[in-house]
Number of protein chains: 6
Amino acid sequence: MATVSLISDDAASPEVLAVFDDIRAVRGTDFINNFWRALAHDPALLKATWERLKVVMGPGDLDPLVKEMIYIAVSTANGCSYCVHSHTAAAKAKGMSDAQHGELAAVIGMAMQTNGLVTALQVKVDEVFKA
Amino acid sequence: MATVSLISDDAASPEVLAVFDDIRAVRGTDFINNFWRALAHDPALLKATWERLKVVMGPGDLDPLVKEMIYIAVSTANGCSYCVHSHTAAAKAKGMSDAQHGELAAVIGMAMQTNGLVTALQVKVDEVFKA
Amino acid sequence: MATVSLISDDAASPEVLAVFDDIRAVRGTDFINNFWRALAHDPALLKATWERLKVVMGPGDLDPLVKEMIYIAVSTANGCSYCVHSHTAAAKAKGMSDAQHGELAAVIGMAMQTNGLVTALQVKVDEVFKA
Amino acid sequence: MATVSLISDDAASPEVLAVFDDIRAVRGTDFINNFWRALAHDPALLKATWERLKVVMGPGDLDPLVKEMIYIAVSTANGCSYCVHSHTAAAKAKGMSDAQHGELAAVIGMAMQTNGLVTALQVKVDEVFKA
Amino acid sequence: MATVSLISDDAASPEVLAVFDDIRAVRGTDFINNFWRALAHDPALLKATWERLKVVMGPGDLDPLVKEMIYIAVSTANGCSYCVHSHTAAAKAKGMSDAQHGELAAVIGMAMQTNGLVTALQVKVDEVFKA
Amino acid sequence: MATVSLISDDAASPEVLAVFDDIRAVRGTDFINNFWRALAHDPALLKATWERLKVVMGPGDLDPLVKEMIYIAVSTANGCSYCVHSHTAAAKAKGMSDAQHGELAAVIGMAMQTNGLVTALQVKVDEVFKA
């Protein structure tokens, strides 16, 4: 698979290496996953994506583990295999238990099911639900 | 909109009314939203959907509010307008703050973005992410 | 809604009118629905779409009503409100009963649910399922 | 692939084995496909999913083969590779001919195409299509 | 519709107004569309989204009109009605002709169709296509 | 993968070979990719798909390279791995530079992100955007 090659550290430009270094520092690991190595063909895109991800997935009003589960939910509905894999690993690293993983899957499945039922029947939004 | 009519209490069969009654009891409100009134054309489907939803979205290893946010995330990725509206209302009722709502949207947007980047570049799953 | 206007019979070119006439003849009705009037801005696209639709949805190895239900299933998963409405009307015109409609929705919901579960858990295809 | 391991019969709890036994009995085969072995990490989810699937996909107002084709249609639109594979195998086992398979693909393709055209042009639902 | 209210200029904080002012300056119009007024509930999200959009959709290696058409294509496949409307307006403002609009729709429809055919048949990627 | 086998030249009927010959002539290569070999199980579907693709992706009001990028955009949003691979190869063959490829990915990612934000917040279409 892949429509671009992966940029190794040796092949990386200083601008790319600076982003890789920050990823390593923030995550406390030397490992750089394929996503960032693929994006590295476009250093500006790499940098902008990482800078934004760091903020959005960092500390805030939602728990970091909750954010990972939301990420898995979106990635599942979009059928992004890579994203489901990488964010499930991230969620486990942040403490997601097997029971929580099962429950996450159950909620995703339930949502998918009622999404289908609502759309198949074209149910009109109740007035009370509108802001 | 809608490809089926909505079943009023007066038009509901005893089997449907029993489900409506349980929805009212569990939720502590007399209001029955359009989704259930549309499903009521098929009493067995109505009952099975409600019985399962009650379990999946009820108390468990994940916080009920977190479940609602996961539901919103899936519904957004699937483009289900009704579902986004109804579960945003449910999330607010369960205490979602404006700041959490904004952060939820930001995480969904971030996930959508990287789903697109990963899929556009067909990035291969890192071995370390596989169970 | 709409990002293009709808072409009335009066505003239609001879090429467009010829397609409209064929739609009327094949369907046995004078009514031309909005989809064709929107496509009519591009007569070649209109003609190619209608000619192909006529073949694909016509008599063949699958029952015409089954084809409409497959169409509804795809349109639901894609969240195409217009398509769900128009093909539900077509399915009803071809004899879909209320019970069949409910069962169609149930199957769509079930498929959506297991699509979500499979993708959330990234289940690997069994060897026996490969052609 | 997979974000969870597959539960073998030896590793299965009595509750899981009971579901596996029922799957075997209903399907008349000893084979348990990966989907169920992945779900088995969460026995309650496994049981609820199987119990519901058994009802929805069983005898009713729609032909079981038609239900499998609807399942394939939804799974295709959602891009669920596993689901397309498993339900195509099921459809073939229930008698889907090569000609019907080709026609199913053609209808799915046609629906996808007009879903795209309608959404690109944002065509408004005709009043006559509303229930 | 909407699960949040729209922030008027009068209700906007200085941080929000600064973004609105930049949108107005870059676009050369006083009009602020609903998307930005909805995002304004979360000033940081508003600012980050606008700052990134300005760069991505601005001058670069692809023509701005081409970028708008790619945007419409993605938004169509995702079923985002708002996005199709707003970016079709933007594309027209950047010179998209009616003929180009029709051709864009035709390409989107063609891609949707073959996406469906490929996924329904689960066609394996040719080795020659891999980077 | 694949739910159908691939039809080799030796196994192809005269009708299928005629389409293969035309693909070879139009593309100026002897190579027939898997998509067409999979479709060849249904000669009428193969022929109709190729005839239409040839017209839609051929010379017109949009540049052929632009059409390929639109195709990639749709295929990405639909999660069609095969289609992303094959049309990225086609785009590169038509001159897409690495910089354009990166920018294409950035636009797709941006569109996905705002699709998610708009849908999460259910933003209402501005009147000025309606045709």
Side-chain angles (χ1 to χ4, degrees), chain E residues 1-4 31 33-35 38-39 45 49 52-53 56-57 60-63 66-67 69-71 73-78 80-83 85-89 97 99-100 102-104 106-115 117-126 128-131, chain F residues 1-4 31 33-35 38-39 45 49 52-53 56-57 60-63 66-67 69-71 73-78 80-83 85-89 97 99-100 102-104 106-115 117-126 128-131:
Chain E
M1 297 297 186
T3 60
V4 292
F31 179 66
N33 52 304
N34 290 344
F35 176 55
L39 278 189
L45 178 59
T49 306
R52 184 67 186 143
L53 186 91
V56 172
M57 299 303 283
D61 291 279
L62 295 178
D63 182 77
V66 168
K67 292 183 180 183
M69 291 192 289
I70 292 166
Y71 221 107
V74 171
S75 303
T76 297
N78 280 332
C80 182
S81 176
Y82 185 91
C83 312
H85 274 93
S86 60
H87 287 275
T88 298
S97 68
Q100 288 176 319
E103 207 156 296
L104 168 62
V107 174
I108 291 172
M110 190 78 225
M112 294 282 290
Q113 181 183 21
T114 61
N115 287 181
L117 291 171
V118 161
T119 304
L121 303 179
Q122 290 292 308
V123 185
K124 196 178 164 184
V125 179
D126 299 76
V128 74
F129 292 151
K130 297 180 185 173
Chain F
M1 297 297 184
T3 59
V4 293
F31 179 65
N33 53 304
N34 291 344
F35 175 55
L39 278 189
L45 177 58
T49 306
R52 184 67 186 144
L53 187 90
V56 171
M57 298 303 283
D61 290 280
L62 295 178
D63 182 77
V66 168
K67 291 183 180 184
M69 291 193 289
I70 292 166
Y71 221 108
V74 171
S75 303
T76 297
N78 280 332
C80 183
S81 176
Y82 185 92
C83 312
H85 273 93
S86 61
H87 288 276
T88 299
S97 68
Q100 288 176 318
E103 206 156 297
L104 168 63
V107 174
I108 291 172
M110 189 80 225
M112 293 282 290
Q113 182 183 21
T114 59
N115 287 180
L117 292 171
V118 160
T119 304
L121 303 179
Q122 291 291 308
V123 185
K124 196 178 165 185
V125 180
D126 298 75
V128 72
F129 292 151
K130 298 181 185 173

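Looking at Val56(F), the atoms closer than 4.5 Å to chain E (heavy atoms on both sides) sit in the backbone and in the side chain alike. With a threshold of 4.5 angstrom between heavy atoms, Leu45(E) approaches chain F through side-chain atoms but not through N, CA, C or O. For chain F, the nearby parts of Met112(E) are the backbone and the side chain; heavy atoms of each come within less than 4.5 Å.
With chain F as partner, the option from Ser97(E), Ala38(E), Cys83(E), Gly102(E) having the largest number of non-hydrogen pairs under 4.5 angstrom is Cys83(E). The most heavy-atom pairs under 4.5 Å with chain F, out of Leu39(E), Leu62(E), Val66(E), come from Leu62(E). The candidate from Val118(F), Thr119(F), Leu104(F), Asp63(F) with the greatest count of non-hydrogen atom pairs under 4.5 Å with chain E is Val118(F). Interface check for chain E: of the options Ser86(F), Ala89(F), Ala106(F), the most heavy-atom pairs under 4.5 Å are formed by Ser86(F). Among Thr49(E), Val128(E), Thr114(E), the residue with the largest count of heavy-atom pairs under 4.5 Å with chain F is Thr114(E). Contact count against chain F (heavy-atom pairs under 4.5 Å) is highest for Met110(E) among Met110(E), Gln100(E), Gln113(E).
Closest heavy-atom contact between Val107(F) and Met57(E): CG1-SD, 4.1 Å. Closest non-hydrogen pair, Ala73(F) versus Ile108(F), comes out as CA-CD1, 3.8 Å. Contact between Phe35(F) and Tyr82(F) at its shortest, heavy atoms only, is N-OH, 3.1 Å. The shortest heavy-atom contact between Asp126(E) and Asn34(F) is OD2-N, 2.9 Å.
With sequence neighbours excluded, the residues forming a side-chain contact (heavy atoms from CB on, under 4.5 Å) with Ala111(F) are Tyr71(E), Val74(E), listed by chain and number. Applying the side-chain contact (heavy atoms from CB on, under 4.5 Å) rule to Thr88(E) yields the partners Thr3(C), Ile72(E), Val84(E), Lys92(E), Met96(E), His101(E); only residues at least two apart in sequence or on another chain are considered.
Atom OG of residue Ser81(F) and atom CD of residue Gln122(E) lie 10.0 Å apart, to the nearest 0.5 angstrom.
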